[in-house]
Amino acid sequence: MALTGRAALLAALGSLPVALLEPSWLGIAAVNSPLAVAMMCDYARAAPVRKLRFTRSGDTNVRQGELAETSLQLTNTSSRPLRALIRDAWPPSNTVPGATDAYRHRVDVPSGGTRELRTPLRPTRGGAAVAHSVTVRSYGPLGLVSRQATYPVPGRLRVLPPFHSRRLLAAKAARLRELDGRTSALGRGEGTESDSLRTYVPGDDIRSIDWRATARRSEVAVRTWRAERDRRVLIVLDTGRTSAGRVGDAPRLDAAMDAALLLAALAARAGDRVDLLAFDRELRAQVRGKPSPQLLPALVDGLASLQPHLVETDARGLAAEILRSTPSRALVVLLTTLDATPVEEGLLPVLGRLTDRHTLLMASVADPRLAEMATARGTVEKVYQAAAAHKAQAERDRTAGLLRRRGVTVVDAPPDELASALADAYLSAKAAGKL
């Protein structure tokens, strides 16, 4: 039983010291028997909390940052009407901005009646939002005292990756169509395939002229080219310690997953076969062998529960997993860090095993604050910050140079530019016939 502010006020008016207001009926009755009688009657008329039934329904999946709604159906099976305050205990990271009391519901439910309580949710973290319990505080008619109990009513909301870069897909697909020879802006590389013939126009590469076809017609004919299809693309997410570092308001892993989704959608449109794995010291997620129509839903489902793990990534284990899962030649896109220590001590010793068999493209999330700090001036503190930023950027550039000299294509971009830069790097590799 819990005493409310109203009970404390009545006790004060009855000359009862607040310090004596403990839930002991004998102590209260000995000092202020009228108040004790009122409280006992109020408690007796409060609906029993053990005779309530709860059922959950509503949304089970939502993209991170979007609005969802969960419903809690309450049935009062007792013989007394219920006046209660109910708290649906979802994690604070799911709070809708401006709706601070959204988890608390004041209800009046008659005996045998049912009420549906709706709670809006807007998850700001990936993974799963879990509610374990519901707390009920049932008041009597006077509101002096209450009965309270907590019910185990499990609820789970899967938070899917937001895929903000989806808006870029149309523009990247248009570039892919140009690469495929569907417009006059055509590319040619070692790995391209002959597609069709068209009339020569000024500016065309003369190496594309088909002299045999020209001899059979009255105009110069050029052969168009399209990038090869049905190549293998393996996207690898490093979920180790460095992926938990926050850039802005989100961990690096969130930007990496967003970039992976855009790349997968683009590669599927290009006719390539896309697989994905997430690894740190063990395999955390894997999507393999999905046809193009099923690829994106499977990736979103596989990434939904992915979280950074505060362990050092096992580079040897990662390389072994890549070689085991993809024995034939492929474009391996590794989304990891460019920090000097993890790369030089972990990745570089095993890099030759990967580049001997695969084409390697490495992408990393850069912190835009480094550029801001590098230009800071005016105080001693800002000068030191600028020096630290220049040193950190120089280390990243040196690490990227080490990787490029070993045949690795490196993409280093801020979170909001990483997906676009990685897609452009894939299209460039496609145009150059490096897949």
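Computed from heavy atoms alone, side chains included, the values below leave out hydrogens, waters and symmetry copies.
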(request) Say whether Asp339 and Thr341, considering side chains only, have a donor N or O and an acceptor N or O under 3.5 Å apart. (result) no

(request) Would you kindly say whether Thr150 and Ser133 are connected by a side-chain donor-acceptor distance under 3.5 Å? (result) no

(message) With a 3.5 Å distance limit and no angle check, can you tell me whether Glu116 reaches the backbone of Gln73 through a side-chain donor-acceptor pair?
(response) no

(message) Taking side chain to side chain contact (heavy atoms under 4.5 Å, CB included) as the definition, give me every residue that meets it alongside Ser292, ordered by chain and number, with sequence neighbours left out.
(response) Ala268

(message) Using modelled atom types and a 3.5 Å cut-off, is there a donor and acceptor pairing between side-chain atoms of Arg63 and backbone atoms of Glu66?
(response) no

(request) For residues Thr326 and Arg232, determine if any side-chain heavy atom of one lies less than 4.5 Å from a side-chain heavy atom of the other. (result) yes

(message) Between Val411 and Leu418, does the side-chain contact (heavy atoms from CB on, under 4.5 Å) criterion hold? Intermediate values first, please.
(response) CA-CA 8 Å; Val411 173; Leu418 181 65; 4.2 Å; yes

(message) For the CZ atom on Arg369, are there more than 12 heavy atoms of other groups (residues, nucleotides or ligands in this structure) within a distance under 6.0 Å?
(response) no

(message) Quick check: do Leu360 and Thr409 have side-chain heavy atoms less than 4.5 Å from each other?
(response) no

(message) Pairing donors with acceptors under 3.5 angstrom, does anything connect the side chains of Asp280 and Thr239?
(response) yes

(request) Check the surroundings of atom CZ in Arg288: do more than 12 heavy atoms from other residues, nucleotides or ligands lie under 6.0 Å from it? (result) yes

(message) Would you say that more than 12 heavy atoms from the other residues, nucleotides or ligands in this model lie under 6.0 Å from the CZ of Arg125, or not?
(response) no

(message) Tell me if a side-chain donor or acceptor on Asn76 pairs with a main-chain N or O of Gly113 at a distance below 3.5 Å.
(response) no

(request) List the steps, then state whether side-chain hydrogen bond (donor to acceptor under 3.5 Å, both in side chains) holds for Thr119 with Thr70. (result) CA-CA 5 Å; Thr119 301; Thr70 181; over 6 Å; no

(request) For atom CG of Asp356, decide whether the heavy atoms of other residues, nucleotides or ligands shown that lie under 6.0 angstrom number more than 12. (result) yes

(request) Report yes if the side chains of Gln286 and Ser325 come closer than 4.5 Å at any heavy-atom pair, otherwise no. (result) yes

(request) Compare all side-chain heavy atoms of Ser78 with those of Pro48 and state whether any distance is below 4.5 angstrom. (result) yes

(request) Look at the side chain of Asp88 and the backbone N and O of Tyr103, then say whether any donor-acceptor pair between them is shorter than 3.5 Å. (result) no

(request) Any chance you could lay out the salt bridge (Lys or Arg N to Asp or Glu O under 4.0 Å) test for Glu344 and Arg398, step after step, and finish with the verdict? (result) CA-CA 11 Å; Glu344 294 178 9; Arg398 183 178 66 84; 2.7 Å; yes

(request) Determine, for Glu321 against Arg324, whether the closest basic-nitrogen to carboxylate-oxygen distance falls under 4.0 angstrom. (result) yes

(message) Any heavy-atom pair between the side chains of Asp412 and Arg396 that's under 4.5 Å?
(response) yes

(message) With side-chain hydrogen bond (donor to acceptor under 3.5 Å, both in side chains) as the criterion, how do Asp238 and Thr313 come out once you've worked through the C-alpha distance, each side chain's angles and the decisive distance to 0.1 Å?
(response) CA-CA 7 Å; Asp238 178 359; Thr313 299; 2.6 Å; yes

(message) Under a 3.5 Å distance rule, please check whether Arg106 uses its side chain to pair with a backbone N or O of Leu85 as donor and acceptor.
(response) no

(request) Flag the pair Arg406 / Leu348 as yes when at least one side-chain heavy-atom distance between them is below 4.5 Å, and no otherwise. (result) yes

(message) Within the 3.5 Å criterion, strictly below it, is a donor on Ser79 or Lys51 matched to an acceptor on the partner's side chain?
(response) no

(message) Check whether Arg158 reaches the backbone of Asn61 with its side chain - one donor and one acceptor, N or O, closer than 3.5 Å.
(response) no

(request) Give a yes or no on whether the backbone of Arg281 and the side-chain of Arg284 come within a donor-acceptor separation of less than 3.5 Å. (result) no

(request) Starting at CH2 of Trp90, measure out to NE2 of His132 and round the result to the nearest 0.5 Å. (result) 10.0 Å

(message) Can you tell whether the side chains of Lys172 and Asp424 come within less than 4.0 Å, N to carboxylate O?
(response) yes

(message) Working note: Val134 + Leu72, criterion side-chain contact (heavy atoms from CB on, under 4.5 Å); need CA distance, chi angles, decisive distance, verdict.
(response) CA-CA 9 Å; Val134 173; Leu72 192 66; 3.7 Å; yes

(request) For Glu381, check side chain to side chain donor-acceptor pair (under 3.5 Å) against everything at least two apart and list the hits. (result) none

(request) Would you confirm whether Thr75, through its side chain, and Thr114, through its main-chain N or O, come within 3.5 Å as a donor-acceptor pair? (result) no

(request) Run through Asp254, Leu160, Leu276 and flag the one making a side-chain contact (heavy atoms from CB on, under 4.5 Å) with Leu303. (result) Leu276

(request) Using atom types as modelled and distance alone, determine if a side-chain donor or acceptor of Arg104 lies under 3.5 Å from a backbone N or O of Arg87. (result) no

(message) For Arg231, is there an ion pair with Asp272 - N to carboxylate O distance below 4.0 angstrom?
(response) no

(message) Between Arg83 (side chain only) and Gly140 (backbone N and O only), is there a donor and an acceptor less than 3.5 Å apart?
(response) yes

(message) Check this for me: does any side-chain nitrogen of one of Lys290 and Asp301 sit under 4.0 Å from a carboxylate oxygen of the other?
(response) no

(request) Scan side-chain atoms only and decide if Thr337 and Arg252 contain a donor-acceptor pair under the 3.5 Å cut-off. (result) no

(message) Between Glu372 and Lys382, does any side-chain N to carboxylate O distance fall below 4.0 Å?
(response) no

(request) Would you please name every residue forming a side chain to side chain contact (heavy atoms under 4.5 Å, CB included) with Ala264, sequence neighbours left out? (result) Ile235, Val274, Leu295, Leu299

